[in-house]
Amino acid sequence: MLFYLFPYLLTFPLFSFIEREQLNYCGGEISISRCKIADSQKGSILIGGNELKSLSITDTGITNSKEFGIKLISRGIELVKFASIALERNNQGIVINPMYSGSKEFTIENCAINGSWRQGMFIYSDTKSTIRIVNSTITNGENRALHIQGFYREMFLNLFISDSTFAWNKKGAVSCFNTYTNVPIFMRFESNNFFRNQGPTIEIFSGTERVSWVFRNNSFIGNRGFSVIALGTSSYSGSWYRPNVVVSGNKFLANQCPDKAVIDIRREASSFIIENNDFEFNSGRCVLLEGTAAYVPISMADNIFNENDCGNRSVVEALRLDQHTNFENNTFSQNRAGGVFLLQVVHNHQPAFQKKTLTFKNNTLSNNTPSVSAQWSPEEDSCAVVISGILYHKETDFRFNKFNNSKYSRELCIWVTSISPRNIVNVTHNWWGTEVGGQVRGKIRDFDDNYDFAIADDWPFLLSDDDPTSTAVEQHDFNQHGSFLSGRLFDSMTLKLS
């Protein structure tokens, strides 16, 4: 069915369309209600033309369309309302072509899109509109539930999705490709349920620095693929192709992402904040910060990681940390992983007026256990936290953390290259699960184990896990590690052959 409407208000009563018909109308307002359209050999509802005042489609069912259920190709529609629409087993559910004049209000509410052979929704990024999708479902698609196409297109589309469900889609729930924009853009997902989708659940191929992706209070449960949220999977690179990302207040439960991570941030971000999220019973790494961390500030705070199985990988891996980085108030308990935290720090040799900071503070790591392969590896100690790379041009704040992971050989491994014995990493004022100084030294791998690495200064250390003011008064001895002559010389001494 083809509708070109300009001067009239049209309302359709309840009836069924079995064969395709083509109707042409001219008018400023369109209202389609209580219709049933089935088995269209092409598309079912096509809205075209120049400027329309309003479009309303409500209480309508569309099934088995060979091309699309609803398609908008109008230059602009001032008000759009889709409500209580059921789109079943169409090639594409809803297609929104570029609306260069845009719309003031575009709402999709209480709609159900199920079993689409291609996308449930397909939207071009240069649609000048804020589209609100509320209390709707996109399920059982053979492809992606929602795709935003912006390849070689401007990004004008703002999107707000809330209280909706994306489930059982074979190639993921949401994907977006965008390479250009000159205006601030917001893509917000709040209080949605993402359930048992395959492929990356949300894949942002590419974005720009003026686009903000915000995920708040969503549930991601039982999804499978290399990631639940993947950012920067395209070949485009450079600062222009980095959006801003906020992941806050979400639940990530029982997702299976063994290849990459539940959240995989590659090189494509201008800033990244992950806070107040719960990660439980997932397989694979929970957070992987790849090349993007070399360029952008990272903040990860107030998250809970519980009973995740990460194989021989770490729960959190942050690679190439160069800018300001903050890991604070996170809780890790009963995870099985090669390590809990892997932090790789680098230094950008471009001149800077201010030193960058690395903050690892007030984190709790308790009762985590190494994977079988890490636990029995003869090559090196298993470490709960690894800090590697170059720290000499960073302000480091590593304190008030609580370590109690007896299954790991070491709680902390300092793999920071040592240039001289003066290279010291300050890890004082932490709780190491013991009040005995010699035992604290045994929980840290540093210069005393391998002179290629820096010294970890752990004294004074905390004597309690709940009192940050209780510190050890006397400095403990440095026991020799291993069977070779080693250690530090604090005073002159003479070695004699015995």
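Computed from a predicted structure; not experimentally measured. We use all heavy atoms of the structure for the numbers below, so side chains are in, but hydrogens, waters and symmetry mates are not.
In summary, the aromatic rings of Phe279 and Phe281 are positioned with their centroids too far apart to meet the 6.0 Å limit. Aromatic ring centroids of Phe160 and Phe186 lie 6.0 Å or more apart. Aromatic ring centres of Phe447 and Phe453: separated by at least 6.0 Å. Residues Trp432 and Phe461 place their aromatic rings such that the two centres sit no closer than 6.0 Å. The six-membered or imidazole ring of Phe166 lies away from that of Phe195, with a centre-to-centre distance of 6.0 Å or more.
Each of Thr130, Ile131, Val211 was checked for a side-chain contact (heavy atoms from CB on, under 4.5 Å) with Asn158, and the lone residue meeting it is Thr130. Between Asn330 and the options Asn303, Thr364, Asn401, Asn362, a side-chain hydrogen bond (donor to acceptor under 3.5 Å, both in side chains) holds for only Asn303.
The shortest distance between side-chain heavy atoms of Val316 and Phe332 falls below 4.5 Å. Looking only at side-chain heavy atoms (C-beta outward), Trp431 and Phe400 stay at 4.5 Å or farther from each other. Side-chain atoms of Asn143 and Gln92, non-hydrogen and from C-beta on, never get closer than 4.5 Å to each other. Between Phe398 and Thr428 there is no side-chain heavy-atom pair separated by less than 4.5 Å. Residues Ile113 and Thr137 form no side-chain contact, since every pair of their non-hydrogen atoms from C-beta on lies 4.5 Å or further apart. Contact of the Leu231 side chain with the Phe205 side chain is not registered, since no non-hydrogen atoms from C-beta on lie closer than 4.5 Å. In this structure the side chain of Glu280 never reaches within 4.5 angstrom of the side chain of Phe252, judged on heavy atoms. Val134 is not listed as a side-chain neighbour of Ile108, based on a closest heavy-atom distance of 4.5 Å or more.
Listed here is the closest heavy atom pair of Asn223 and Phe194: ND2-O, 3.1 Å. Between Pro258 and Gly225, the closest heavy-atom pair is CD-O, 4.3 Å. Across every non-hydrogen atom of Asp446 and Ala454, the tightest pair is CB-O, 3.4 Å. What you find for Ser382 and Ser409 is that their closest heavy atoms are OG-N, 3.0 Å. Considering every non-hydrogen atom in both Ser116 and Gly93, the closest pair reads OG-N, 3.9 Å. In plain terms, the two heavy atoms of Asn329 and Asn363 that are nearest each other are N-OD1, 3.4 Å.
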**OP:** For the pair Leu463 and Thr471, evaluate side-chain contact (heavy atoms from CB on, under 4.5 Å) and give the outcome as yes or no after the intermediate values.
**Re:** CA-CA 5 Å; Leu463 297 173; Thr471 57; 5.8 Å; no
**OP:** Determine, step by step, whether Asp457 and Asn426 satisfy the side-chain hydrogen bond (donor to acceptor under 3.5 Å, both in side chains) criterion, reporting the C-alpha distance in whole Å, the side-chain angles of both residues, the deciding distance to 0.1 Å, and the verdict.
**Re:** CA-CA 5 Å; Asp457 182 10; Asn426 189 340; 5.3 Å; no
**OP:** Show the numbers, then the answer: is there a side-chain contact (heavy atoms from CB on, under 4.5 Å) between Ile387 and Leu412?
**Re:** CA-CA 8 Å; Ile387 301 178; Leu412 174 64; 4.3 Å; yes
Original post:
So Glu290 and Asp264, side-chain contact (heavy atoms from CB on, under 4.5 Å) or not? Walk me through it.
Top reply: CA-CA 7 Å; Glu290 297 191 60; Asp264 177 22; 2.7 Å; yes
**OP:** Check the pair Arg144 / Ser175 against side-chain hydrogen bond (donor to acceptor under 3.5 Å, both in side chains), numbers first and verdict last.
**Re:** CA-CA 7 Å; Arg144 289 184 171 93; Ser175 60; 3.3 Å; yes
Original post:
What do the steps show when you test Arg313 against Asp259 for salt bridge (charged side-chain N to carboxylate O under 4.0 Å, His left out), and what is the final call?
Top reply: CA-CA 10 Å; Arg313 302 292 189 176; Asp259 295 334; over 6 Å; no
Original post:
Can Asn306 and Ser333 be said to form a side-chain hydrogen bond (donor to acceptor under 3.5 Å, both in side chains), step by step?
Top reply: CA-CA 5 Å; Asn306 182 54; Ser333 63; 2.9 Å; yes
Subject >> Pair Asn450-Trp415, side-chain contact (heavy atoms from CB on, under 4.5 Å): steps then yes or no >> reply: CA-CA 9 Å; Asn450 187 329; Trp415 294 346; over 6 Å; no
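Applying the 6.0 Å contact sphere to NZ of Lys171 captures no more than 12 heavy atoms from other residues, nucleotides or ligands.
Expressed to the nearest 0.5 Å, how far CZ of Phe106 lies from CD1 of Ile133 amounts to 8.5 Å. For the atom pair CG (Asn335) and SG (Cys310), the distance works out to 6.0 Å, reported to the nearest 0.5 Å. Distance OG/Ser248 to CZ/Phe215: 12.0 Å, rounded to 0.5 Å. Put simply, CG on Asn135 and CD on Glu109 are 7.0 Å apart, with the number rounded to the nearest 0.5 Å. The line from CD of Gln198 to NZ of Lys170 is 7.5 Å long, rounded to the nearest 0.5 Å. With rounding to the nearest 0.5 Å, the separation of CZ in Arg285 from CG in Leu342 is 9.5 Å.
Distance alone, capped at 3.5 Å, is enough to place a donor-acceptor pair between the Tyr408 side chain and the Thr369 backbone. Remark: the backbone N or O of Val247 is paired with a side-chain donor or acceptor of Asn277 at under 3.5 angstrom. One N or O on the side chain of Thr434 and one on the backbone of Val436 form a donor-acceptor pair closer than 3.5 Å. Using modelled atom types, no side-chain atom of Thr325 and backbone atom of Ile298 make a donor-acceptor pair closer than 3.5 Å. Side chain of Thr359 to backbone of Asn326: no donor-acceptor contact under 3.5 angstrom is found. Side chain of Glu317 to main chain of Ser314: a donor-acceptor pair is present (N/O by atom type, distance under 3.5 Å, no hydrogens or angles). Lys443 places no side-chain N or O within 3.5 Å of a backbone atom of Arg410 that could act as its donor or acceptor partner. A donor-acceptor pair under 3.5 Å is absent between the side-chain atoms of Asp126 and the main chain of Met155, judged by distance alone. A side-chain donor-acceptor contact under 3.5 Å links Ser227 to the backbone of Ala261. At distances below 3.5 Å, at least one donor-acceptor pair connects side-chain atoms of Asn250 with backbone N or O atoms of Asn218.
Side-chain atoms of Asn197 and Asn169 form a donor-acceptor pair, as typed in the model, at a separation below 3.5 Å. A side-chain donor from one of Asn405 and Glu411 sits under 3.5 Å from a side-chain acceptor of the other. In this model, no donor atom of one side chain and acceptor atom of the other lie less than 3.5 Å apart for Asp309 and Ser283. For the 3.5 Å distance criterion, the side chains of Asn114 and Thr139 qualify, holding a donor opposite an acceptor.
Cation-pi geometry between Lys260 and Phe226 is not met: the NZ or CZ atom fails to fall both under 6.0 Å from the ring centre and inside 45° of the normal.
A salt bridge is absent between Asp465 and Lys402; no separation between the charged side-chain nitrogens and carboxylate oxygens falls under 4.0 Å.
Using a 30° and 60° split on the angle between ring planes, Phe341 and Phe360 fall in the perpendicular class, above 60°.
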